[in-house]
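Both counts, for ligands and for their atoms, begin at 1 and track the order of listing. One is the number of the first residue; the rest follow in order along the sequence. Below, all heavy atoms of this structure are taken into account, side chains as well, without hydrogens, waters or symmetry copies.
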Amino acid sequence: MRIAAGLLFAGAVSLYASGLAWSQTPAAPATATPQAAPAPAPAVAPASPKAACANPNALGIARVVEIDTTGGPGFGFEHFKQLDFLRDHEVVLTFDDGPWPLNTPSVLKTLADECTTGIFFSIGKHATYYPEILKQVYAAGHTVGTHTWSHATLTNKKLTEDQRKEEIEKGISAVKWALGTAPSPFFRFPALQHPPEMVTYLGSRNIAMFSCDLDSFDFKARNPKQVIDVTMKKLDQLGKGIILMHDFHKHTAEALPELLHRLKAGGYKVVKMIAKAPVQSLPQYDDEILKDAKLPTLSARPVSSVVQTISE
Ligand SMILES: [Zn+2]
């Protein structure tokens with residue numbers, strides 16, 4: 001399904017690069033300038049010094065791009081064609097449907113071994129099942145976004161508009177509950193199905209939407225090799241892109257070490273995307289997930305010791 005890009009921008013979008021993390025290459029100049037916002041913004045000062053990467057051959061992080069999500073910008077050329085901020089041979093790694101035992105921790109270990117990072121689009125229910133795993137994702141400095149409460153396909157005509165909003169909002173509230181702090185205003189529609197009215201709604205909520213440039217189709221893969229082959233073939237054709245994978249899936253977790261080696265060998269560089277500000281959850285849904293999932297209230301939980309890495 002294609003959405004006219006013009007629909008998607010109610011407000012200004014600004015992107016800028018900030019510094020360099022773990023990379024083996026010099027910092028790239030801050031030139032990520034979408035057509036909508038040519039004015040360069042100041043670079044973000046490092047929040048704290050980052051521990052050096054122990055792996056001298058790590059894939060690393062080439063640059064950090066901060067997103068002003070005002071108006072709900074869209075990313076990923078499969079659906080959103082306005083913001084072409086990646087340079088040749090740059091990739092963004094994205095992982096959907098977690099947190100999940102074994103596979104998500106395995107993905108985290110692989111990313112840590114390569115001193116690199118991704119965006120995790122978590123399902124709200126899964127966040128309530130495994131909050132400690134999602135906390136590990138966040139503590140490792142990855143960007144955490146959301147992917148609805150129960151992975152409902154929001155183009156399903158049986159769902160009312162209120163039910164669709166509830167899927168989005170409860171997903172956000174659940175991830176916030178699990179982390180003990182609000183995630184990024186980054187959202188991916190299940191099955192990349194984008195109902196226009198929810199695209200408009202997310203715009204009004206100042207939440208960025210993520211499609212992808214290339215889908216690894218890892219959920220269809222029969223083995224890890226297939227995940228690698230499909231991803232590298234598409235990437236070599238496109239030359240860059242936001243890659244859609246699933247930390248939920250075993251084959252993906254198993255494929256990731258070799259896939260990251262192949263990215264490095266192919267001269268690809270990872271771009272980290274962060275949000276300028278966290279998402280604002282709605283109190284009504286914060287309350288609802290506590291009731292529905294019979295979760296303890298945030299105040300009954302220890303204050304998270306997790307510290308968000310905003311920039312390296
Ligand atoms: Zn999904």
>> side chain to side chain contact (heavy atoms under 4.5 Å, CB included) for Ile243 and Tyr268? Distances and angles first, verdict last.
In response: CA-CA 12 Å; Ile243 304 172; Tyr268 292 100; over 6 Å; no
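- No side-chain donor from either of Gln136 and Tyr130 sits under 3.5 Å from a side-chain acceptor of the other.
- Sequence neighbours left out, the pairs with a member in residues 226-248 that pass ring pair (Phe, Tyr, Trp, His ring centres under 6.0 Å) are Trp100-Phe248, His126-Phe248, Phe219-His246, His246-His249.
- Of all protein atoms, those that are N, O or S and lie under 2.8 Å from the Zn ion (ligand 1) total 3.
- When each of Phe95, Phe121, Phe186, Phe120 is checked for a ring pair (Phe, Tyr, Trp, His ring centres under 6.0 Å) with His142, only Phe120 meets the rule.
- Contact annotation: the side chain of Phe217 never approaches that of Leu244 to less than 4.5 Å [non-hydrogen atoms, C-beta and beyond].
- A donor atom on one side chain and an acceptor atom on the other are found under 3.5 Å apart for Asp286 and Ser173.
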